[in-house]
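No experiment lies behind these values; they were computed from the predicted model shown. Proteins get letters first, then strands, A, B, ... in listed order; numbering begins at 1 in each. Note: hydrogens, waters and symmetry copies are ignored here, and every other heavy atom, side chains too, is used.
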Amino acid sequence: MNHKELLTSLAEKTEMSQKQCQALLDVFVDITRKSVVEKQGAQMLDLGSFNVREKEQKIMFNPLTGKRMLIPPKLVVGFKASTTIKNLIK
Amino acid sequence: MTKNEIISSMSERTGVSRADIRLFLERFNEALFQGLNEDQLVKIKGLGTFKLVSVKTRKSININGGETIDIPAHNKISFTADKLFAEMVNDPLAHLQVVELSDTPSEEDDPAEEGGDEYVASSRMKKLSEEAEVLKSLIADINGLPSVLQIEESEGEKIGESVEEKIEEPEEEKIEEPKISIYTPITNNSDNYLEDEIKKKEMTYGGKVGRIFLSSIVLLGIILGIIYWKRYVKDVKQEKTTQAETHEIINLSKDKESVVSYEKDTSKDSIKQETELSMATINESEVQSAKTIERETDSNGKLNIEQMRKINVDYSVIQGTETVRDGSRLTMIALRAYGSKDFWIYVFLANRDQLGNPAQINTGMIIKIPKIDKRLIDTSNPDCLQYAKELEKRYVK
């Protein structure tokens with residue numbers, strides 16, 4: 001299901017126009033993103049929680065050239081599904 | 001930020017009432033589930049992709065009781081952030097770049113210090129760079145101290161002199177072995193080399209004596225490794241020729257024993273060990289050859305397409321049933337049952353009484369999953385896929 005299909009199904013369910021849905025979804029995404037970027041995370045009991053996780057730096061080998069590379073530390077988004085969702089999709 | 005906070009800030013920005021937004025989010029969740037169930041995938045622009053991943057049944061051990069338990073097959077959700085989202089989150093560390101490590105330590109320190117000024121994780125990075133320095137000093141020590149190696153080698157040769165050339169190699173090993181065995185926990189695992197170095201860090205700070213000591217241990221480990229390898233190759237060769245020759249080896253080593261017994265009792269013991277060792281390696285190679293034979297029979301066990309055509313599959317033998325959920329497909333049932341979507345045709349053929357064509361699948365339908373010969377649903381055998389396609393052509397117009 002891509003973004004468009006999601007919007008169509010949302011519009012059907014909420015009985016709003018697709019444009020309205022798009023606007024609300026954008027705001028939701030924006031707020032979630034901001035809250036995650038500020039490292040507060042976003043916890044939704046019915047969906048799950050988004051958090052920032054830290055990946056440590058590591059040394060990797062390029063198997064072709066045999067050179068060692070130092071991969072810098074990185075911040076990534078982590079998502080944990082809530083127990084309600086987990087039970088639903090079992 | 002909790003859901004309530006998200007709702008209030010959303011209603012502030014859009015002017016829509018809180019109740020409406022709460023409803024909207026609920027509908028959003030519903031749409032998300034629906035999408036996951038239908039396509040196993042939902043993409044949301046600006047946020048990322050939710051994916052439904054099915055996990056197979058696997059065995060695990062109860063930590064408290066120690067009994068083996070089965071973790072039942074289930075689905076889980078994986079989330080991959082959008083490129084934009086990922087970049088936003090990684091923004092504080094975006095300036096860090098992949099560095100190629102060379103033999104000089106100066107380059108390695110740069111990224112660590114850059115990050116260290118701005119980021120809290122700097123302490124970790126500093127630790128790592130310190131460890132790298134210790135490693136490097138160790139390597140330098142090894143390069144600078146070839147004398148240690150020479151001394152030990154000459155020691156080995158002195159005792160081996162009176163014996164024949166062939167015995168010299170194992171002789172060296174024997175003298176080193178008792179020394180090494182004390183420190184085996186340190187030298188044994190070359191995989192944990194880095195960790196070991198970290199443990200050794202404090203010791204190396206203790207002074208040069210400690211460093212020389214450690215580097216000599218590392219050297220001994222390397223020498224031992226080379227000798228073992230040589231011996232292994234030798235033994236395999238000997239094993240390949242004839243058994244009579246292996247008897248000769250044992251006889252030879254007995255001869256060695258008599259020769260060395262004139263010298264020291266300790267070396268006598270060590271030669272006994274050696275004969276045991278050579279026996280052990282011979283046994284190992286025998287086991288290996290047995291394994292290769294097993295593999296050959298495995299590859300013979302794969303059926304080719306002609307043999308498959310001869311097999312009559314009994315679709316009335318059922319290994320289980322599955323109730324169709326919203327939007328499920330035969331391919332997904334096959335994936336869960338046989339580990340590959342390609343074998344859905346077997347599921348279809350078993351349910352031809354209720355299914356006219358494969359697309360005619362409805363929620364709530366109970367689908368029978370037939371028990372299929374494992375050789376027919378071998379994902380590693382391309383003939384299986386070909387045969388499944390052939391069946392599709394034959395039964396589905």
Side-chain angles (χ1 to χ4, degrees), chain A residues 1-3 5-10 12-14 16 20-21 23-48 50 52 54 56-57 59-60 62 65 67-81 85-86 88-90, chain B residues 1-3 5-6 9-10 13-14 16 21 23-39 41-48 50 52 74-81 85-86 88-93 96-102 108 111-112 115 119 121 124-125 128:
Chain A
M1 193 184 239
N2 59 29
H3 195 72
E5 287 166 345
L6 181 78
L7 279 181
T8 356
S9 123
L10 256 179
E12 253 176 51
K13 281 183 198 252
T14 52
M16 287 194 277
Q20 279 174 307
C21 285
L24 274 177
L25 193 59
D26 278 353
V27 174
F28 169 70
V29 166
D30 194 41
I31 285 170
T32 326
R33 274 200 314 219
K34 264 190 190 159
S35 152
V36 173
V37 168
E38 284 161 14
K39 293 200 178 171
Q40 296 171 335
Q43 286 83 37
M44 282 159 280
L45 279 178
D46 46 358
L47 184 68
F50 293 93
V52 176
E54 198 187 299
E56 279 189 43
Q57 69 169 11
I59 294 173
M60 271 189 152
N62 182 339
T65 59
K67 275 178 185 162
R68 289 191 303 153
M69 319 275 264
L70 186 75
I71 312 292
K74 203 179 178 188
L75 297 175
V76 292
V77 190
F79 172 72
K80 253 190 183 175
I85 271 209
K86 276 184 192 166
L88 270 174
I89 58 159
K90 238 174 200 175
Chain B
M1 214 177 197
T2 60
K3 193 181 175 185
E5 286 167 338
I6 291 174
S9 63
M10 269 178 86
R13 283 215 351 215
T14 55
V16 182
I21 286 187
L23 203 71
F24 172 80
L25 285 183
E26 263 168 36
R27 297 283 177 273
F28 168 72
N29 282 346
E30 274 172 30
L32 199 69
F33 294 145
Q34 193 192 329
L36 281 178
N37 274 327
E38 277 171 18
D39 291 356
L41 181 99
V42 176
K43 272 184 187 169
I44 299 170
K45 238 181 234 169
L47 196 67
F50 292 90
L52 201 64
H74 59 277
N75 294 325
K76 63 178 184 184
I77 294 180
S78 85
F79 172 75
T80 320
F85 190 14
M88 277 170 80
V89 166
N90 195 36
D91 197 42
L93 298 182
L96 298 178
Q97 281 185 338
V98 176
V99 181
E100 258 183 37
L101 295 182
S102 62
E108 202 174 316
Y119 193 60
R124 269 187 217 158
M125 298 197 287
L128 265 172

Query raised in the report: Where on B:L23 is there a heavy atom nearer than 4.5 Å to chain A: the side chain, the backbone, both, or neither?
Result: neither
Query raised in the report: What part of B:F33 lies closer than 4.5 angstrom to a heavy atom of chain A: side chain, backbone, both or neither?
Result: side chain
Query raised in the report: Between A:K67 and chain B, which part of the residue has a heavy atom less than 4.5 Å away: side chain, backbone, both or neither?
Result: side chain
**Report entry** Min side-chain heavy-atom separation B:I44-A:H3 under 4.5 Å
**Finding:** yes
Query raised in the report: Is there a side-chain contact between B:N90 and A:V76, using heavy atoms and a 4.5 Å cut-off?
Result: no
Query raised in the report: So which of B:A31, B:G35, B:S9 has the largest heavy-atom pair count under 4.5 angstrom toward chain A?
Result: B:A31
Query raised in the report: Should the ring pair A:F79 and B:F50 be called parallel, tilted or perpendicular, given that the plane angle runs from 0 to 90° and is split at 30 and 60?
Result: perpendicular
Query - Partners passing salt bridge (Lys or Arg N to Asp or Glu O under 4.0 Å) against B:E5 (at least two apart in sequence or in another chain) - result: none
Query raised in the report: Are B:R27 and A:L10 side-chain neighbours, meaning at least one heavy-atom pair lies under 4.5 Å?
Result: yes
Query - Side-chain heavy-atom pair B:T14, B:F24 within 4.5 angstrom cut-off - result: no
Query raised in the report: Picking from A:L24, A:L6, A:T14, A:L45, which has the most non-hydrogen pairs under 4.5 angstrom with chain B?
Result: A:L24
Report summary line: When the 4.5 angstrom heavy-atom criterion is applied to A:L7 and chain B, the contacting part is neither
Requested in this report: Check each atom of A:K80 against the heavy atoms of chain B and say whether the ones under 4.5 Å are side chain, backbone, both or neither.
Outcome: neither
Query raised in the report: Among B:M88, B:K45, B:H74, who wins on heavy-atom pairs under 4.5 Å with chain A?
Result: B:K45
Query raised in the report: chain B heavy atoms under 4.5 Å from A:M60: which part of the residue, side chain, backbone, both or neither?
Result: neither
Requested in this report: Answer yes or no: does atom NZ of A:K74 have more than 12 heavy-atom neighbours from other residues, nucleotides or ligands under 6.0 Å?
Outcome: no
Query raised in the report: Non-hydrogen atoms of chain B under 4.5 Å away: do they reach the side chain of A:D30, the backbone, both or neither?
Result: side chain
